[in-house]
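It should be emphasised that the depicted structure is a prediction, and the values quoted were computed from it without experimental measurement. Naming: A, B, ... by sequence-line order, numbering from 1 per chain.
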Amino acid sequence: MLDAKLFRSELADTAARLLQTRGFKLDVAKLEALEERRKALQVQTESLQAERNSRSKAIGKAKAQGEDIKPLLAAVDDLGAQLEQAKADLHDVQNELQSIIEGVPNLPASEVPLGADENDNQEISRWGQPHEFAFETKDHVDVAAGLAQGMDFERGAKLAGARFVVLQGAVAQLHRALAQFMLNLHVNEHGYTEAYVPYLVNHDTLFGTGQLPKFGEDLFHVQGATEKQVPLSLIPTAEVPLTNLWRDEIADEEQLPLQYAAHTPCFRSEAGSHGRDTRGLIRQHQFDKVELVWLVKPEDSMAVLEQLTGHAERVLQLLELPYRKVLLCTGDMGFGSCKTYDLEVWLPTQNTYREISSCSNMGDFQARRMQARFRRKGAKKPELMHTLNGSGLAVGRTLVAILENYQQADGSLKIPTVLQPYMGGRSEIKAS
RNA sequence: GGAGAGAUGGCAGAGUCCGGUUGAAUGCACCUGACUUGAAAUCAGGCGUGGGUUCACACCCACCGGGGGUUCGAAUCCCUCUCUCUCCGCCA
């Protein structure tokens, strides 16, 4: 959510920037009209309230002194109805304004390249050399099939439906090893606080990070057994619970920065993705991810984005997976982000780089929705924090990358050195 | 699942029965000043959040877990939801 001031004093400029950077059309005339109406109604409502308050006070005083309050009551007779009407009108206008403002994406940072879609993203760097295979490579589905059928999509479909999988044996173990390795790295070496969080969250929480009200159809929603229970939704990423840890709170300056890491499952309905990445583990309704979240002072957030991205890169480097780092253009960035780096891992069978991590500086966009603030030492007014998040990494896609990059001619799989301690010291998974 | 108690400012804790100058006593914490070589102690003052009008000074509105209601007026009365605690039952 952007600062309401941008829709008042700087409306024309804001609209121009949104259109230029995100192709987002702001209805300036409508906003101006609504704002004008809002101002008039709010002034009217508040002055009616002020009048009611003072008259009620007078009645109280008169009554305490034993005077006759009947004439005073009569004088206040029609105030109630007037006030009720003004309140209702104001409420309507404010709701309308609010729903427009809530739907406006964040403004990109000035250094973000202008562009319409992923074709305009800017490659920043590449790390590692894609391995030359002396044999015909199999994709991760086929590699896993040769490892005691460790990846079972038929059974996944039987149990739950399309885009679900069952992992078994050494492949399941490798999946777990990856998550453990990543979480340990971030907690032990990068200073993150490990967190275990709810996988179901309420709508206030989803509003805070920006999933609601606009992107509800990307989520799985859960209704309790009784009508009266509050509706919950499965988290699409641990960013949601981790960032919301500080919703409606004011931190002391010295408590910042806060950094959290969590390994959680993530659930996405993938509505609108029919036919995309239908084969394999790339796009599932349920996948695991190790997520990194920072809550920082505004002046630190850009530097922290570099640091955070570096932490995700470190995972790929230690796993010796070739990747590239991409700065997303204005048109390809997420709704709430002001600057995003994607990390893309090399997949030999697709002969291309595929997204495995996305690291974003959300600026104060989420903090404003959440009212997550901090107070500088000696300052009176609290300020909004900046929030950042990044995958470090998506576990399922990392498993894909390992199956494809570490496959051997005989159908076995080499285990990356750093994972071997998590695999009982084994250096390979034999073909079955 | 059954029975009961509760939710007030950064924290603790009055006020709620009997609605009225209560945005809320008091204590602690915190900030500023005085005293002190410095500190402690003491004294004086300050000290919630969001929003609106205004160039500004300032003024006004809302908020006592959330939502709704009664009333000229609600922290206080009524309904409802959520959460916390105690006891019993059940359970990974």
Whichever of A/Q49 and A/R8 has its nearest RNA chain B nucleotide further upstream toward 5': A/R8
Hey, could you give me the CD/CG distance between A/E291 and A/L242, rounded to the nearest 0.5 Å? 7.0 Å
Please compare A/P382 and A/G60 by the position of their nearest nucleotide in RNA chain B and report the one closer to 5'. A/G60
Does A/N53 place a side-chain N or O at less than 4.0 Å from the phosphate oxygens OP1/OP2 of B/C61? yes
Can you check the A/Q44 CD to B/A62 P distance for me, whole Å? 15 Å
With both pairing distances under 3.5 angstrom for Watson-Crick or G-U wobble, and | for a partner in another strand, the correct string for RNA chain B is ((((((((.[[[..)....(.....]]].(((((.......))))).((((((....)))))).[[[[[..)....]]]]])))))))....
Quick one: is B/C61 close enough that its OP1 or OP2 comes under 4.0 Å of any side-chain N or O from A/R52? no
Measuring to OP1 and OP2 of B/U49, would you say a side-chain N or O of A/R375 lies under 4.0 angstrom away? yes
Would you indicate, yes or no, if B/G10 has its OP1 or OP2 atom less than 4.0 angstrom from a side-chain nitrogen or oxygen of A/R373? no
Can you say whether a donor on the side chain of A/E46 sits under 3.5 Å from an acceptor on the base of B/G51, or the other way round? yes
For a quick test of reading the model: is some side-chain N or O of A/N202 closer than 4.0 Å to OP1 or OP2 of B/U82? no
In residues 82-98 of chain A, which residues come under 4.0 Å of RNA chain B by heavy atom? none
Looking at every strand, decide which applies to A/K57 at a 4.0 Å heavy-atom threshold: base, sugar-phosphate, or nothing. nothing
